[in-house]
Chemist: 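I have a structure I would like to understand better, so I am pasting it below and will then ask my questions one at a time.
Hydrogens, waters and symmetry mates play no part in the numbers below; they use all other heavy atoms, side chains included. Bear in mind the structure is a predicted one, so any value in this text is a computation, not a measurement.
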Amino acid sequence: MPENTYDAIVIGSGISGGWAAKELTEKGFKTIMLERGKNVEHIKDYTSANKELWEFPHRGGRTQQMIEDYPVLKRDYPLNEMNLDWWANEKDAPYVEVKRFDWFRGYQVGGRSLLWGRQSYRWSEYDFEANAKDGIAVDWPIRYKDIDPWYSYAERFAGISGNRDGLSQLPDGEFQPAMEMNCVEKDVADRINKHYKRTRMIMGRVANITQPLQARTNCQYRNKCWLGCPFGGYFSTQSSTLPAAMATGNLTLRPFSIVKEILYDKNTKKATGVRIIDAENNQTYDYFAKIIFVNASAINSAWILMNSATDVWPGGLGSSSGELGHNLMDHHFRTGARGNAEGYDDKYYFGRRPNGPYIVRYQNLFDDKRNYTRGFGYQGGASRSGWSREIAELNIGGEFKDALSEPGQWSIGFTAFGEILPYHENKITLDPNVKDKWGLPVVAIDAEIKENELAMRKDMQEDAIEMLTIAGIKDVKGYDGGYTMGMGIHEMGTARMGRDSKTSVLNGNNQVWDAMNVFVTDGACMTSSASVNPSLTYMALTARAVDFAAKEMKKGNL
């Protein structure tokens, strides 16, 4: 086999790209995984993982230079000195905001699998049927039964801790033992669950293992996941899928490889390979393969398709339906309620649990009808304030030190995460007038939430206030911190799946209708967004698509 020819190419090395590489190599395919950023080696390159705040020059915060260099990242929590290298360089890779869109990108091996929140939930039949029942966008080409076994497959390998709660709107999975709620959370959950028939407060299901798995040690309750885990306590490309793929001897990993376009043969109507720009030397190289998996994250995957095959389709490979780049979604959040819990001053908790309780969606399900479409769930938890509750300038001496030797007041809060509908007009395009460091056109993003989501946000806050009040929490206050598209870091929908090539980019096996040997299994493929975190669904869809591709390869169809 020539040096630049493989059985399969995987574009991107994040959650779905890592899964594609694992599944392809374990099925015997010689595979190259192309990553636009630098390599990050497990353990060795987690340079901040064992540092405490006082070991950082600015106590883990941000400098004025960082604020100047990262005008987008500065808008929210990601900008800090502890893991700055794991966020994309905004000057080298800019984008155009037709409307404000907070795009937080991770350009390195592992992508945002090193940075994700790890909440891992199955979609239910309600979610896969929703578009068809509501008459919105297009119908999903699959149903829960099609992905159920692949959820199980992904959960067993990734390691998801949680309880089997018996809820039809949040199907149970293959779980390791769940993390425990603390004393306040247990009491609040008991009161909420007794009062409401329409919802349940459960322990969050999270991709942090509570028992050893493969070569990984169980979670150490350090809550430093975003710095990389030397123990392998949470699922990432580095801790899980990459070692499995490397163990086969079938994987070639090439960092600093910016995929410029997918090469397409209009005579065979298939892709032949990809063209990359080496991010270090600016040279162009071509790689060839029989199948290509596009897993560069929703917006970048659409960008690659849009920048490809323009001699056949001006809008790019996969654009024949007119839907490529459209239907951009996220989850809207940053609204809910919080309050104080009294009577627990003699109680505390152990460790820094990287997880919290979850209140399951109930709106527009069963007999709960609202004045908007779809719904939301809540993530949150209870804790006691620590030494940082005091401002040094307001107190001095022995009394100040004594006050800080005891933990402060218990509080509990919940933040809602709501579904955003797949609006055709929420879109990305290529801007030929703005180029990145490598001379490539950048993406322009034009998306916003609409009346449906704004109506939902009122209930997100008011329902949280009601629940906490019923649970006996004091001084309950609602809040809405405002939301802009992208803040949820759950980009979805730019190359949606569907049943008809005239209205979708991909079919029910994640194949691009216009080139059946190209598969897209990251967030770009999503036809709707549901209200739960999407990454577990990416894992399951990827494993399912690789299984299909392997069978089609054996039949000679690809």
Chemist: So, is the end of the Arg36 side chain (NZ or CZ) under 6.0 Å from the ring centre of Tyr107 and within 45° of the ring's axis?
Modeler: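 The answer is yes, since Arg36 meets both limits relative to Tyr107.
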Chemist: Check residues 545-556 and write down every donor-acceptor pair under 3.5 Å in which the side-chain atom is one partner and the other belongs to a residue at least two apart or another chain.
Modeler:
residue: Asp547; atom: OD2; partner: Lys551; partner atom: NZ; Å: 3.1
residue: Glu552; atom: OE1; partner: Asn557; partner atom: ND2; Å: 3.0

Chemist: Using the ring of each side chain (for Trp, its six-membered ring), is Tyr362 parallel, tilted or perpendicular to Phe376, with breaks at 30° and 60°?
Modeler: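 Correct class here is perpendicular.
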Chemist: Return yes when atom CD of Glu180 has more than 12 non-hydrogen atoms of other residues, nucleotides or ligands closer than 6.0 Å, and no otherwise.
Modeler: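 Atom CD in Glu180 is not crowded, with 12 or fewer foreign heavy atoms closer than 6.0 Å.
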Chemist: Of Glu23, Glu174, Gln214, which is the lone residue that meets side chain to side chain contact (heavy atoms under 4.5 Å, CB included) with Phe157?
Modeler: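 Answer to the side chain to side chain contact (heavy atoms under 4.5 Å, CB included) test with Phe157 among Glu23, Glu174, Gln214: Gln214.
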Chemist: More than 12 foreign heavy atoms under 6.0 Å from NZ of Lys458: is that the case here?
Modeler: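 It does not: Lys458 NZ has 12 such atoms or fewer within range.
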Chemist: Taking Ser239 for its side chain and Tyr234 for its backbone only, find out whether a donor-acceptor pair lies under 3.5 Å.
Modeler: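 Yes: the side chain of Ser239 pairs with the backbone of Tyr234.
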Chemist: Under 6.0 Å between the ring centres of Tyr358 and Tyr121?
Modeler: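 Between Tyr358 and Tyr121, the centre distance is under 6.0 Å.
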Chemist: Would you say the side chain of Met306 lies within less than 4.5 Å of the side chain of Thr494, judging by non-hydrogen atoms?
Modeler: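 Counting from C-beta outward, Thr494 and Met306 never come under 4.5 Å.
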Chemist: Could you check if a side-chain atom of Ile136 sits within less than 4.5 angstrom of a side-chain atom of Pro422, using non-hydrogen atoms only?
Modeler: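 Ile136 vs Pro422: side chains touch.
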Chemist: Kindly say whether the aromatic ring centers of Trp123 and Trp140 come within a distance under 6.0 Å.
Modeler: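 Centroid distance Trp123-Trp140: below 6.0 Å, so yes.
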Chemist: Using the ring-ring contact (aromatic ring centres under 6.0 Å, His included) rule, collect all pairs that involve residues 508-534, keeping only residues at least two apart or in two chains.
Modeler: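 Listed once each, the pairs are Phe293-Phe519.
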Chemist: When you measure from the centre of the six-membered ring of Tyr264, is the NZ or CZ of Lys270 under 6.0 Å away and within 45° of the axis?
Modeler: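 Negative - Lys270 is either too far from the ring of Tyr264 or too far off its axis.
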Chemist: Sequence neighbours left out, what passes side-chain hydrogen bond (donor to acceptor under 3.5 Å, both in side chains) with Glu125? Give chain and number order.
Modeler: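 With sequence neighbours excluded, Glu125 shows a side-chain hydrogen bond (donor to acceptor under 3.5 Å, both in side chains) to no residue whatsoever.
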Chemist: Quick check with a 6.0 Å cut-off and a 45 degree axis cone: is Arg105 positioned over the face of Trp103's six-membered ring?
Modeler: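 Yes.
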Chemist: Judged by atom type as modelled, is there a donor-acceptor pair below 3.5 Å linking the side chain of Asp522 to the main-chain atoms of Ala524?
Modeler: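 Yes, the answer is positive, given that a donor and an acceptor are paired below the 3.5 Å cut-off.
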